[in-house]
Each structure stands twice: as structure tokens, then as C-alpha cells.
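Keep in mind that the numbers below use all heavy atoms, side chains included, and drop hydrogens, waters and symmetry copies.
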Amino acid sequence: MLQDLGFPEHDIRPDDSLRPDIALASAPVSRNSALDLPHEDSLDPVPPPAPHPAAARSIVLVGMPGAGKTAIGKRLAARLGLPFRDADAEIESAAGMPITEIFARYGEPHFRAGERRVITRLLAGPPLVLATGGGAFADAAARAAIKASGAATLWLRCTMPTLLRRVAGREHRPMFLNADPAEVLARLMAARHPFYAEADVTVTCTDESPETTTRRVQDALAAAVAPQRLPVGLGDRGYEVLVGPRLLGRAGGLVAGLLPSRKVVVITDAAVGPLHLPGLRDGLEAAGLTVLTEIAVPPGESSKDFARLSDVLEAMLSAGLDRRTAVVALGGGVVGDLAGFAAAIAMRGVPFVQVPTTLLAQVDSSVGGKTGVNLRAGKNLAGAFHQPRIVLADTDTLATLPPRELRAGYAEVAKHGLLQGPLWEWCEAHGAAVVAGDTAALTHAVLESCRLKAAVVAADEREESAEGGRALLNLGHTFGHAIEAEAAFDGSVLHGEAVAVGLGLAASLSARLGHCSQEWPSRVVAHLAACGLPARMADLPRRFTADALLGRMAKDKKNRDGTMRFVLMRGAGDCFTSADVPREAVAALLRDEGAG
């Protein structure tokens, strides 16, 4: 054990104790013991009869001196039926001296290395509740070891007035000697809070009784839902897509370690900002990130143009953006595309974080690094590939979507179903639940869509495959983009609505060319209509001509050597790209579907 702490071998006796001239004669006293909340031993006498869900893994308490990690930890362990350990007490007991003496004799680097080994050893065993020293989670190596163990981490966050009351009368402690406690605590809070914010759960402590705080801690742990993590495998530019509830409030802790500095610019729109910007701001600032400016653009596709892009770039630079400043996109596909393009070209590229708040953005546009703006000639014809550092898909934000936006986003889920196969069968069974806002169905739709897209992007990031590859993700989009562009991006036809009609047209074109049975266009159209989406051109609020739509398709990004290319299908899970599509066949289909 003493070797775990890094003590020199010549200082350790055969019985694993320190030589008398090294160890202090006094009994070990935890440096946390003086900071425990009152009535430390008055634990709840009877733990609950049923095992608590949180007891399935270890729980690590982190926080400032005076937060009550030991007092709360003991009570929590009793409630969960788990053993309790105090990392500082374990170290002192093994060393036979208080931590202040270890610091004085061997220095902080020596202590931190030993602390990390002790914490790693404790967490390698059966589940327990572990109270750590105030500096443990602020140490990068110890923090990584705790996360790698799979333990749940909980930050006991206290305000300055609460901490000052709890440490009153303890000025004899080394950190407070000849110093103003408020100044000491303020310095420690500034240094450590950004790292504490990386904890899985945060509970704000007040002057309530320890039993009340413990109950709140237990409830918070039970309610916590760890986000699902999906990797996008792009080598050293790879990143994770996190899917789950309550991610906005944890945003700072989730992104801070991935960014080169703690300065960010947030870009959102005027509809999303009032709903979700306060929560994101709090989450970022809790981890010590500074928001240089918050830029809100008008909602809708009309904001994706060069004029708006120029305004955004000027605002970012005026706020002090430099090459280490990250751009955070909070909103739907328009905000993500616009903010991502701004990040790609500002100072020739700055870090970028996606925080999608719409179903369409969560299942599709936030993953893969495609950014851009529209031109009069068509949709997304100016842009860049610029991968985010991370995608935070907070599923709670979907509850604020208007029904029309939710339905529009579902069109991309249906597209992924047709590409993947089994997901299409799930869509036919559960699509109605998705558009009705069912939380479980929405979460599944986001997870499986992101899983599919992450795999496709990892295999063909820049859409360079001769056939298939990332271009398959444009199923229905050749028609859909033409419809959007011809509608002048005025909001009368949403992107997802245009894609829904495009999916029906792609299935019909596939059947006319003999690639699939007539069952498929009927099946696709029926499902989309049942989910409340426009599924045929006649369902749209305006009319289009076949010649105008064909003119738009001639400028599609997938075209090669002036030849139109389409994504066609043989069935769900069997889609392919093809240039062997007669223009006359497309024109006839459009006219049969109601285009003039």
C-alpha cells in the first residue's frame, strides 16, 4: 500500500508501515474530518430494503473543502448498502501521517501520483461510495482514472456563503493559515469548478440537514441517465455523438476537455434562443467557459445565405474570436450549417461544436461535417467539410418542437430506415409514436439514425466513392432540394417535407425503371402520409413545373460530367446510386405527379 503511494522503499518496514523516524506519532486524522457536516454519526439507521439502482456501480463524490463529501458519502453508502471509503483517510492511514506532512516531505506531485494509485485501486474492487480530496478530480490523470473505472461521479456544489459558514473556525488548517478564507476558496473555486463540472451529476448543497441533502443526492443519481455515445471514426478528427436527456446543463463539462481554450461563441436563432440558450449558457459557464457573444439569426432557411454569413463572421470577430475560440451551434439544421461554415472559414478554421435542438438536426445534419449556405442556383451549393469536436443531442429539446417541425424531421428518420432495412420496419411500426413526441421512440430514432450516419461518414467522409457511399444519404434529396430551391427557401415547404415528397418520388422512379416492385412506392407514400407528412407533390401548398424542377436537378451536387445522378432502391436496405436515368423518365414522373 505504501509503495502505491510512492514512498521510497527504504522508508518502509517489512510490516508495510513507515519507519518511526518517518511516520508521525500522532494518530491519523482525515483532513476532511474537520469539514464534515454536523452530526456525522447520526446516519439513517435502516437502509432501504430493495437495492438502489445507483448501487450497481461505484459512486465518487467530488467537490470543494466544506462540501460535505464525507458526511454525505457515509449517509449515502448506508442508504445504498455499500461500503464507504474516504480517499484522504486511506492515504493517511497507510502513510501514518497526515496529508499535510506528506505534502511537506515529498511535495504535491508525489502525493497526486499516490492519490491516483489509491483511487484506482479502490475503484477496481466491488462497488463503493468514495469521497475524494478537493484536488483529486482537478488532477487530469486522476480524473481520467475515475472516468475509466466506470464509476458515477457526483459534484456536491456549494455557494461561497455556504462554504464560508462550514469552514468558519477552521483557520488553523494549512490552506487557511495567514490567509483570508474567502480569497482561498474563491481561488480554489475558479481553478477547480471547471473540472468538477465534468461530473456525471451535480447537486447544489444548501444549509439543509445532511439527511435531506443525502436524499436529494440519491434521487439525482437514480434519475441520472448516462448519454449514449456513438463514435464517428475519422482517425485523429474523430468525435462522439452523445444522445440523451439533460445534456445542455452539462455542456461545459462535456466539451471543455475537447477545446483548445475556454472561450466560445454561441450561434442560435431567434426561436431557439429563448427556449434553450439560458440552459446552455449555464452549462458552459459552470465549467468555466466564457461566452464571448451570443448571435441569434432569424429562423428559417432564408438565413442560410452569404449576407447572413458575413454578418455572423463580423459579429464573431468583433467579439474577440481567435483561432482557439470554439463556435457552438445551438439550433436546427440551418443554424448548424451556417455556424459550421462560419467556423470553417473564420481565420481559416476554428473549433466547432454541434448542439442540435430539432429532430432533423439530431438525426442527420449535425453529424458528418457538411456545412454551407444556399445560392440562388440551389441548396447548399457553397460550403465546406468541417467536422465538429462533439455533437450533443439533448433529447429534452425535442419536447419544445412545433408538431410540423417534428414531422419534418421524421422524414430523415424514414430515409435512414429505407437505407438500413430493419430500421424501416421499425419506422412502420413506431413512426406514429415518433411524430406524437413519445420520448422512447424519439430517442431510438435519434440513436439508430446517428449510428447509421456515423458508419457511412466514417467510410466515405467527403462523398468520394465511385458508387454508393455517402451519396446514398441523399435518397429523396435530388427531388427534395429542387422543390426547396424552386420554393425560394421561403418556409412554405420545409426541408423535411420536401424530402418526404422526394422519398416517394425516388421510390416511384425506382419502380418505373424496374428496380423494385410497385409495392414500394405505395408503401413509402402510405407510411409518410400516415405520419402527417406531405407524401406526394399534390400534398404541397404550391405547384411546380417539371421543367423548373429539372433545371434545379441539373445543378445537383451529385451530378457528374453534366449527367444527373439519383439514389434509387431495390427495397429497404438495398439502395444504390445511378446515372442511368433517362431525363424523359424523370419528366414523365413529375408530370404524372402533378407538376405542370
Side-chain angles (χ1 to χ4, degrees), residues 1 4-5 28-44 47 52 54-55 57-95 98-100 102 111-112 114-139 142-143 145-147 149-158 162-163 166-167 170 173 175 188 192-193 195-196 198-205 210-211 213-218 220-221:
M1 173 66 178
D4 280 350
L5 294 173
V29 178
S30 168
R31 66 173 177 171
N32 279 343
S33 61
L35 297 172
D36 288 343
L37 297 175
H39 314 299
E40 176 182 319
D41 296 324
S42 60
L43 305 181
D44 293 348
H52 193 277
R57 56 178 176 157
S58 292
I59 298 165
V60 178
L61 304 181
V62 304
M64 289 285 291
K69 299 184 293 290
T70 297
I72 300 303
K74 288 181 177 180
R75 289 168 171 81
L76 181 65
R79 283 173 165 266
L80 299 180
L82 294 176
F84 171 77
R85 296 289 184 271
D86 183 308
D88 285 352
E90 293 282 318
I91 294 168
E92 291 178 333
S93 178
I99 285 170
T100 51
I102 299 175
F111 169 76
R112 293 297 174 202
E115 177 184 54
R116 182 173 67 253
R117 287 190 289 270
V118 168
I119 289 173
T120 300
R121 176 178 57 80
L122 290 169
L123 294 178
L128 78 163
V129 176
L130 177 65
T132 59
F137 207 63
D139 177 76
R143 192 166 63 254
I146 292 170
K147 291 180 179 180
S149 75
T153 51
L154 185 138
W155 175 19
L156 292 173
R157 180 170 59 188
C158 295
T162 299
L163 290 176
R166 291 183 180 178
V167 302
R170 296 162 187 166
R173 298 190 69 236
M175 70 173 66
L188 290 176
R192 294 176 178 178
H193 275 198
F195 303 110
Y196 294 160
E198 295 185 31
D200 299 319
V201 181
T202 299
V203 172
T204 300
C205 302
E211 289 75 17
T213 300
T214 303
R215 281 194 294 272
R216 291 201 297 114
V217 166
Q218 187 176 7
L221 286 167

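Residues Cys205 and Thr162 approach most closely at O-OG1, 4.3 Å, considering heavy atoms. Here the closest heavy-atom approach between residue Leu61 and residue Lys69 is recorded as CD1-O, 3.4 Å. Contact record, Leu163 with Gly66: CD2-C, 3.7 Å, taken as the closest heavy-atom pair. The minimum heavy-atom distance between Pro65 and Val167, with the atom names listed, is O-CG1, 4.3 Å. The shortest non-hydrogen separation linking Pro98 to Glu92 is CA-OE2, 3.5 Å. Heavy-atom minimum distance, Pro127 versus Leu82: O-CD2, 3.7 Å.
Phe137 places none of its side-chain heavy atoms less than 4.5 Å from the side chain of Arg192. In this structure, Leu154 and Leu76 have side chains that are not in contact, with every pair of non-hydrogen atoms separated by 4.5 Å or more. Side-chain contact between Val60 and Ile119 is absent, with no heavy-atom pair separated by less than 4.5 Å. Using a 4.5 Å heavy-atom cutoff, the side chains of Phe195 and Val62 are not in contact. Taking the side chain as every heavy atom from C-beta outward, Arg215 and Arg79 approach each other to under 4.5 Å.
Rounded to the nearest 0.5 Å, atoms CG (Asp86) and NZ (Lys74) are 8.0 Å apart. Summarising the geometry, atom CG belonging to Leu123 is positioned 5.5 Å from atom OG belonging to Ser58; distances are rounded to the nearest 0.5 Å. Note: Glu115 CD to Thr120 OG1 = 10.0 Å, rounded to the nearest 0.5 Å. Atom CZ of Arg143 sits about 12.0 Å away from atom OG1 of Thr132, to the nearest 0.5 Å. The OG1 atom of Thr202 sits 9.5 Å away from the CG atom of Leu156 when rounded to the nearest 0.5 Å. The line from OG1 of Thr213 to CD1 of Ile72 is 4.5 Å long, rounded to the nearest 0.5 Å.
Each of Leu130, Ile59, Asp200 was compared with Thr153 under the side chain to side chain contact (heavy atoms under 4.5 Å, CB included) criterion, and only Asp200 meets it.
The main-chain N or O of Gly134 is found under 3.5 Å from a side-chain atom of Tyr196 such that the two form a donor-acceptor pair.
The aromatic rings of Trp155 and His193 stand perpendicular to each other, their planes meeting at an angle above 60°, with 30° marking the opposite boundary.
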Exercise. When you look at Thr70 and Asp88, which way does the side-chain contact (heavy atoms from CB on, under 4.5 Å) test go after all the steps?
Worked result: CA-CA 10 Å; Thr70 297; Asp88 285 352; over 6 Å; no

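For Arg85, the salt bridge (Lys or Arg N to Asp or Glu O under 4.0 Å) partners at least two apart in sequence or on another chain are Glu90.
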